[in-house]
Undergrad: 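Pasting in a structure now, in structure tokens, and then I'll have a few things to ask.
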Amino acid sequence: MFAEYLDVLFMFAKAFAVGGLICAVAQLIINFTDWTSGKILVYFMLAGVVLQGLGVYQYLVDFAGAGATVPICGFGYLLANGAIRGAQKGLFGAFTGALSAASAGVSAAVIFSFIMALIFRSRSKKN
Amino acid sequence: MAKHTIIFDKRPRILSTGTVAGPKECAGVVGKYVDKALADDMFGESTYEKAECKMLTYAIGKAIENAGMKEEDIDMMISGDLLNQIISASFAARDFDFPFLGVYGACSTMSESLALAAALIDAGYFKRIVAATGSHFSSAERQYRYPLELGNTRPPQSQWTVTGAGGTVVADGGSDIAVTGATFGKVVDFGITDVNNMGAAMAPAACDTILTHLRDTGREADYYDLIVTGDLGALGSRIVKDLTWEKGVDIQPNHVDCGEIVYNVIEDEFQGGSGAGCSAVVFSSYLYDKLKRREINRVLFAATGALLSTVSSGQGESIPCICHAVSIENVR
Amino acid sequence: MTEKNRENYNKNYIAYVNSFDPPTHHFKNCLRAFGVGGFICCIGQFFRVVLEAFGLSGDELAGTVSVLLIFLGTLLTGLGVYDRIGRNAGAGSIVPITGFANSVCSPAIEFKTEGLIYGLAAKMFVVAGPIIVYGVLSGTIVGIIYWLLG
């Protein structure tokens, strides 16, 4: 019982470390270049796709759980994973796999953004 | 012989000013001098563009009122702003019953419209002209940068667009504060492409116009109590001092930058204020008051503007900049 | 001034301007990004643990965690909190999936004033659109490569 709790706690620590590290690397890139959020998101997502394409990212996900899936590279991992799984079923699967794997995220982003946009309006920055 | 500079023989006078500024600006040096300090930068409107337009309308109306005049006494208004197709100025002009000249000089619009107004009056074509401009942080942010709610970091070179508007009534007499000369600047581009570093992009233009003005008029830099630049910010005003020093002119002791002084606490604004409203508000409230009290008597007002658009910077173009200078003096 | 001179002059000026660049606090920035990014991942991990207890697993689990985090991201964006977090945390709040939600939601809120169709809906993906475009593109390329390799 105690060992189980310790396991969960250890998983949190790993998630924190890996997720934080990915963000720190991104911050380092921002510091040295003039990349804005859009660019950072695209390149980190592509990194996730490439790493999973090479079969590497899965290890990180197994190791760190949410620490690897929550950063945007996890989104790339999801896309690549979906496409790879689809490819096992045929060309059509390879074609539809990526977006169907990401459908939950994209749908959620669209739906929640729409609702929030209806409710809220943008406010000026005080500082 | 004067090349880019007009010396106004009839010395058109600045009769009055009208200013309005947002809450953040009013916490700073201009707070005591503005006609209206907004508690809410929406100004009771539903969008930021409408608020900007309303501020400009207010500034124009207040300037006319402060001059003790009525709308029908004014012959023309010259105005512009930062938004696409200068909508704020045009829409503000909709509310007034006099002709409208729209000008665009980005953040240099205030000195450009002042110079034009003075020239038209000096030539005798018109008697009373309103020159006004304004800007709004939120409308500028969405047009030139990103949505307000986007969680992006601001680089340390960046500036903060001033929420505010200022208007002046220029007439052929009736006050001691005169527009004695104007220097129209040329477009200067030193190849800066970083849109977050406006101060560095605009400083060469300011330097060029200030030097041209001094050369054309044969004046020394210390002829002026103040040489005021528009919105170079802390970094840009350091650069302009260096650049003029390099050319053998020392503006160090009497140079002031509106963007550098407009905010009290430099926290997230980093280099200070920017935008058309920055020079308009600081000049029409703070500096005008000092001129009126004769605490300062000779001012060279050189507002700078960066003539870029999101399209040009997206295509990797460098930032062409301009600066127009107006000399304003207390005369008997 | 000839073209060559001009170029040289500009180069010198840019070098001179860069010498003024305020120092970037690398360590402080990265530490903040690390902390905030790690914290958001821990929230994700928390959802994972809780949902696992409810009996979710596999794709359903991962998808639900994303959906919840995206909901949080859009909600904080709407409340005007996320941009404040982002100001200090930098990449720490950009890189997690909540940052993606923020970049979808913020233009939607911002451009609502231009109408529900050409404003809110059309501008929704001005920042995040490239992620979808390159994600689908690269994902499909990976899929096709795997299909070709068998």
Side-chain angles (χ1 to χ4, degrees), chain A residues 8 11-12 15-17 19-24 26-28 30-31 37-38 40-42 44-46 49 53 65-67 69-72 74-76 78-80 82-84 86-87 90-91 94-95 97-99 102 104-106 108-110 112-114 116-117 119-123 125, chain C residues 24 26 29-30 33-42 44-45 47-49 62-63 65-67 69-71 74-75 77-80 83 90-92 94-97 99-101 103-105 108-110 112 120 124 127-128 130-132 134-136 138-140 142-147:
Chain A
V8 171
M11 202 61 206
F12 270 96
F16 188 89
L21 211 62
I22 293 172
C23 294
Q27 182 62 47
L28 213 59
I30 291 178
N31 283 353
S37 64
I40 287 284
L41 284 171
V42 168
F44 269 72
M45 186 274 305
L46 282 178
V49 171
T69 53
V70 170
I72 197 75
F75 187 69
L78 211 64
L79 288 164
I84 292 167
L91 184 59
F95 198 69
L99 206 51
V106 175
V110 169
F112 292 137
S113 295
F114 186 82
M116 297 303 167
I119 300 172
F120 298 104
R121 59 177 202 78
S122 71
R123 52 203 86 201
K125 298 188 178 182
Chain C
T24 317
H26 293 293
N29 283 349
C30 289
F34 182 82
V36 175
F39 180 67
I40 295 173
C41 290
C42 277
Q45 186 66 32
F47 285 148
R48 258 184 107 96
V49 171
V65 170
S66 301
V67 169
L69 283 171
I70 288 171
F71 172 74
T74 52
L75 183 69
T77 306
L79 292 171
D83 61 311
I94 292 173
V95 172
I97 194 90
F100 170 71
S103 60
V104 177
C105 192
I109 292 177
E110 184 75 36
K112 186 173 61 162
L120 190 159
M124 192 183 261
V127 183
I131 301 160
I132 307 288
Y134 287 109
V136 169
S138 58
T140 309
V142 168
I144 287 173
I145 290 173
Y146 268 75
W147 178 73

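Below, chain A is the first sequence line, B the second, and so on; all start at residue 1.
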Undergrad: Which bit of C:Val49 comes within less than 4.5 Å of chain A, counting heavy atoms only: side chain, backbone, both or neither?
TA: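 Just the side chain, heavy atoms under 4.5 Å.
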Undergrad: Give, as side chain, backbone, both or neither, the part of A:Ser37 having an atom under 4.5 angstrom from any heavy atom of chain C.
TA: both
Undergrad: So what's closer than 4.5 Å to chain C heavy atoms on A:Leu46: side chain, backbone, both or neither?
TA: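 Contact with chain C involves the side chain of A:Leu46 alone.
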Undergrad: Using heavy-atom distances under 4.5 Å, tell me whether A:Val49 contacts chain C through its side chain, its backbone, both, or neither.
TA: both
Undergrad: Any idea which of C:Gly139, C:Ser103, C:Cys105 has the most non-hydrogen atom pairs under 4.5 angstrom with chain A?
TA: C:Cys105
Undergrad: Answer with side chain, backbone, both or neither: which region of A:Phe75 has an atom nearer than 4.5 Å to a non-hydrogen atom of chain C?
TA: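 Just its side chain gets close to chain C.
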Undergrad: Among the options C:Thr140, C:Val127, C:Leu79, pick out the one with the most heavy-atom pairs lying under 4.5 Å from chain A.
TA: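 So the answer, after comparing C:Thr140, C:Val127, C:Leu79, is C:Leu79.
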Undergrad: To the nearest 0.5 Å, what is the distance between CZ (A:Phe120) and CD1 (C:Ile109)?
TA: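 Separation between the atoms: 7.5 Å.
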Undergrad: Could you tell me which portion of C:Leu69 (side chain, backbone, both or neither) has an atom closer than 4.5 angstrom to a non-hydrogen atom of chain A?
TA: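 Side chain only.
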Undergrad: What's the spacing between C:Ile94 CD1 and A:Cys23 SG if we round to 0.5 Å?
TA: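 C:Ile94 atom CD1 to A:Cys23 atom SG measures 9.5 Å (nearest 0.5 Å).
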Undergrad: Looking at C:Trp147 and A:Ala94, what are the two nearest heavy atoms and their distance?
TA: CB-CB, 4.3 Å
Undergrad: Among the options A:Ile22, A:Leu91, A:Val8, pick out the one with the most heavy-atom pairs lying under 4.5 Å from chain C.
TA: A:Leu91
Undergrad: Which residue out of C:Gly90, C:Ala128, C:Pro96 racks up the most heavy-atom pairs below 4.5 Å with chain A?
TA: C:Pro96
Undergrad: Measure distances from C:Leu120 to the heavy atoms of chain A and classify the residue's part below 4.5 Å as side chain, backbone, both or neither.
TA: side chain
Undergrad: Pick one of side chain, backbone, both or neither for A:Ile30, based on which atoms fall under 4.5 Å of a heavy atom in chain C.
TA: side chain
Undergrad: Quick one: does C:Tyr146's side chain have a donor or acceptor within less than 3.5 Å of a partner on A:Gly53's backbone?
TA: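 It does hold such a pair.
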Undergrad: Quick check for you: among C:Ile40, C:Val136, C:Thr77, C:Leu75, which has the greatest number of heavy-atom pairs under 4.5 Å with chain A?
TA: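 Among the listed options, the one with the most contacts to chain A is C:Leu75.
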Undergrad: With a 4.5 angstrom heavy-atom cut-off, could you sort out which part of A:Ile40 is near chain C: side chain, backbone, both or neither?
TA: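 For A:Ile40, the side chain is the part near chain C, not the backbone.
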Undergrad: Sort out for me which of A:Leu41, A:Val106, A:Leu99, A:Leu79 touches chain C most, counting heavy-atom pairs under 4.5 Å.
TA: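 Of the options given, most contacts go to A:Leu41.
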Undergrad: Examine whether an atom of A:Ala98 lies under 4.5 Å from a heavy atom of chain C, and if so say whether it belongs to the side chain, the backbone or both; otherwise answer neither.
TA: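 Side chain of A:Ala98 only, per the 4.5 Å heavy-atom cut-off to chain C.
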Undergrad: Heavy-atom distance under 4.5 Å to chain A: side chain of C:Ile145, backbone, both or neither?
TA: neither
Undergrad: Can you say whether C:Ala108 sits under 4.5 Å from chain A via the side chain, the backbone, both, or neither, judging by heavy atoms?
TA: both
Undergrad: Go through the atoms of A:Val42 and report whether side chain, backbone, both or neither lie under 4.5 Å from a heavy atom of chain C.
TA: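 Its backbone and side chain both get close to chain C.
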Undergrad: For A:Phe16, which residues count as a ring pair (Phe, Tyr, Trp, His ring centres under 6.0 Å) partner, sequence neighbours excluded?
TA: C:Phe34
Undergrad: Find the one option among C:Phe100, C:Phe47, C:Phe71 whose heavy-atom pairs under 4.5 Å with chain A are most numerous.
TA: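 Going by pairs under 4.5 Å, I would pick C:Phe71.
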Undergrad: A:Asn31: what forms a side-chain hydrogen bond (donor to acceptor under 3.5 Å, both in side chains) with it, not counting sequence neighbours?
TA: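 Listed in chain order: A:Gln27, C:His26, C:Asn29.
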Undergrad: Do you know which two heavy atoms are closest between C:Gly143 and A:Ala87, and how far apart they sit?
TA: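 Closest pair (atom of C:Gly143, atom of A:Ala87, distance): O-CB, 3.3 Å.
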